[in-house]
Amino acid sequence: MQHTSHLEISKSAYRRNIKFLQKQLGNETVISSVVKGNAYGHGIENIVPIAEATGIRHFSTFSSDEAFKVYNSISKGSQIMIMGMVHNKDLEWIIQRDISFYVFEFDRLMAAIKASKKVGKKAKVHIEVETGFHRTGFEWNEKEFLLDIVEEHAEYLELIGLCTHYAGAESIANYVRVKNQIKRYLEFKDWFNQKGVHFPIYHTACSAASLSYPETIMDMVRIGIAQYGFWPSQETYMSKFKQLAENRKNPLKRLITWKSVIMSIKEVEIGDFIGYGNTYMAPRHMKVAMVPVGYCHGFSRMLSNLGKVLIQGKMISVVGNVTMNSITVDVTDLKEVKKGEEVVIIGKQKSSEITVASFSESTQQVNYELLTRLPQEIPRRIVY
Ligand SMILES: *Cc1c(COP(=O)(O)O)cnc(C)c1O
C-alpha cells in the first residue's frame, strides 16, 4: 500500500559526513555510530548497512531493545554498545552475544556478574564515571569499592571502556562545566591507571565535544547527530566555520529528504475560514491544496499558520491548523498546479531548500526532536 509521504536517505551524504568527521578526528580514533532513537529517525535497519559500507564497525544504542535491532542488522565483526537502559533480565542475552554495556551503579554491576556466571561468558562492560553530568555514573568516592568488586570478580568481567558524557558541549555557556568534567574524568583515568587498571577504550566525546573540545577525542568517539549531517547546535557550526578552510561550505550534508504529494486542490472565497476553527480567514480569493501529512506523521501542530513546504521550487505557506493527517497550503500564486504534484517538506526542490533547522526556528523543536519524531511507518528509501 502507498503511504502519504516518504523519506529519502542519501548514502553519499553519509559517506561525506564520515569522511569529514574522520579527518577532524584523525585516523587513530574509532567512530562509534550512535543509532539510538531509531538512528535519529533514519531507521536502524537503513543506517547500519550504510555505515558499514563506509567502514563503521561500532554502534551505540540507548537500550537493549535498540541493540536487538542493531544485532539483526549488522554483519560479522561489528560491535554493539548499550549506553543506557538494560533490564537486568536482558543481561544474559546481551552477554551471550558479546554486546558491551555501560555499568554506572552497583546493582547493574552485581547483576552483570550474576548473568555472566549463568552464561559462562565474561560480561563486556564500560565503567561510566560521574564527572558533573549528574545523571548516571560512579561517584568519586565509590571508586575504591568499585575496584574491589571488579577485581574480586575478574573472571566474570571484561573491562572494555572508561567513559563519561558531557553536559552540553554544544554551547559555550557550559564551557566551565565541561572543562571541569574533562579534568575529573582524567583524574579517574589516572587513579585507575595507578592501580594498574588500564582500559582498552577511553571514550567521552559526542558530536559537539568532538568538534569543539579536541582534548575529548580519545580512542573512540560516539557520534550521533553529526553523521546524519547536522551540527549539534548553531553555535558549534559558527565556531567551526571560522576554521573551515577554502570554500567555507558546510561540510555536513543532510541525509534525509521528506516528500509527499498534493492530495487535492480547491478554491475558497475571500472571508472563508480554512480548516478547523477560525485561525485562518482567506484574505483574498485563494487556491489551496491539501497535503496528506499532519502531526501524526511528525509535522508538529505548532506549525499551524507557520510551516512551509516546497511546491514547484517555491516556498508555500501552511494556512490554518495542522491536523492529525494533513495540512492545507496556499498555492494561489502558482500558475498551474495539479493533484499528485511533488511536495517537499524537508529538503531541496529546484533551487529552494527547507532545512531541519528551520523547524527549530519556528517551533523550538531541535534537530534531534524533529528527526526522532518521524514515525517508523513512513517508508524510507535509500538513494545515492
Ligand atoms: C546521544 C549520545 C551521544 C551522541 O550525541 P550526539 O550529540 O548526537 O553526537 C553520545 N554519547 C551518549 C552517552 C549519548 O547518550
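Index from 1, following the sequence.
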Are [X] and [Y] packed together at the side-chain level, in the sense that at least one heavy-atom pair is separated by less than 4.5 angstrom?
X: S326; Y: T323; value: yes
X: M85; Y: F62; value: yes
X: V366; Y: L370; value: no

Worksheet item: Under the side chain to side chain donor-acceptor pair (under 3.5 Å) criterion, do E235 and S171 qualify, and how do the steps go?
Response: CA-CA 6 Å; E235 239 181 279; S171 171; 3.3 Å; yes

Ring pair (Phe, Tyr, Trp, His ring centres under 6.0 Å) with [X]: which residues, sequence neighbours excluded?
X: F68; answer: W93
X: H58; answer: none
X: F20; answer: none
X: Y237; answer: W231, F241

Practice prompt. If the plane angle is over 60° it's perpendicular, under 30° parallel, otherwise tilted; pick one for W140 and F188.
Written response: perpendicular

Practice prompt. Determine the interplanar angle of the Y156 and H153 rings, folded into 0 to 90°, and report it as parallel if under 30°, tilted if 30 to 60°, perpendicular if over 60°.
Written response: tilted

Worksheet item: Does R135 have any salt bridge (Lys or Arg N to Asp or Glu O under 4.0 Å) partners at least two apart in sequence or in another chain, and if so, which?
Response: none

From [X] atom [atom1] to [Y] atom [atom2], the distance as rounded to the nearest 0.5 Å:
X: H134; Y: T136; atom1: NE2; atom2: OG1; value: 11.0 Å
X: S317; Y: D330; atom1: OG; atom2: CG; value: 6.5 Å
X: I113; Y: R108; atom1: CD1; atom2: CZ; value: 13.5 Å
X: H165; Y: T216; atom1: NE2; atom2: OG1; value: 11.5 Å
X: S32; Y: F59; atom1: OG; atom2: CZ; value: 8.0 Å

Item to complete: Quick one: list whatever passes side-chain hydrogen bond (donor to acceptor under 3.5 Å, both in side chains) with Q312, sequence neighbours left out.
Response: E341

Worksheet item: Residues two or more places apart in sequence or in another chain: which of them pass side-chain hydrogen bond (donor to acceptor under 3.5 Å, both in side chains) with Y40?
Response: none

Worksheet item: Can you find a side-chain donor-acceptor pair between E52 and S78 that sits under 3.5 Å?
Response: yes

Discussion item. Tell me which pairs pass salt bridge (charged side-chain N to carboxylate O under 4.0 Å, His left out) where either residue lies in residues 252-263, with sequence neighbours left out.
Written reply: E8-K259, R254-E353, K259-E342

Practice prompt. Give every residue pair that meets the salt bridge (charged side-chain N to carboxylate O under 4.0 Å, His left out) criterion with at least one member in residues 145-172, sequence neighbours excluded.
Written response: K124-E158

Worksheet item: Do E92 and K118 meet the salt-bridge criterion of a basic N to acidic O distance under 4.0 Å?
Response: yes

Discussion item. When you measure from the centre of the six-membered ring of W191, is the NZ or CZ of K189 closer than 6.0 Å and no more than 45° off the axis?
Written reply: no

Fill in: Cluster companions of M263 among Ile, Leu, Val, Met, Phe, Trp, Tyr (side-chain spacing under 4.5 Å)
M290

Give every donor-acceptor pair under 3.5 Å between a side-chain atom in residues 272-280 and any protein atom, sequence neighbours left out.
from: D272; atom 1: OD2; to: E269; atom 2: N; distance (Å): 2.8
from: T279; atom 1: OG1; to: N305; atom 2: ND2; distance (Å): 3.2

Practice prompt. Hey, could you give me each pair passing side-chain hydrogen bond (donor to acceptor under 3.5 Å, both in side chains) that has a residue in residues 375-384? Not counting sequence neighbours.
Written response: H6-R381, K69-Q376

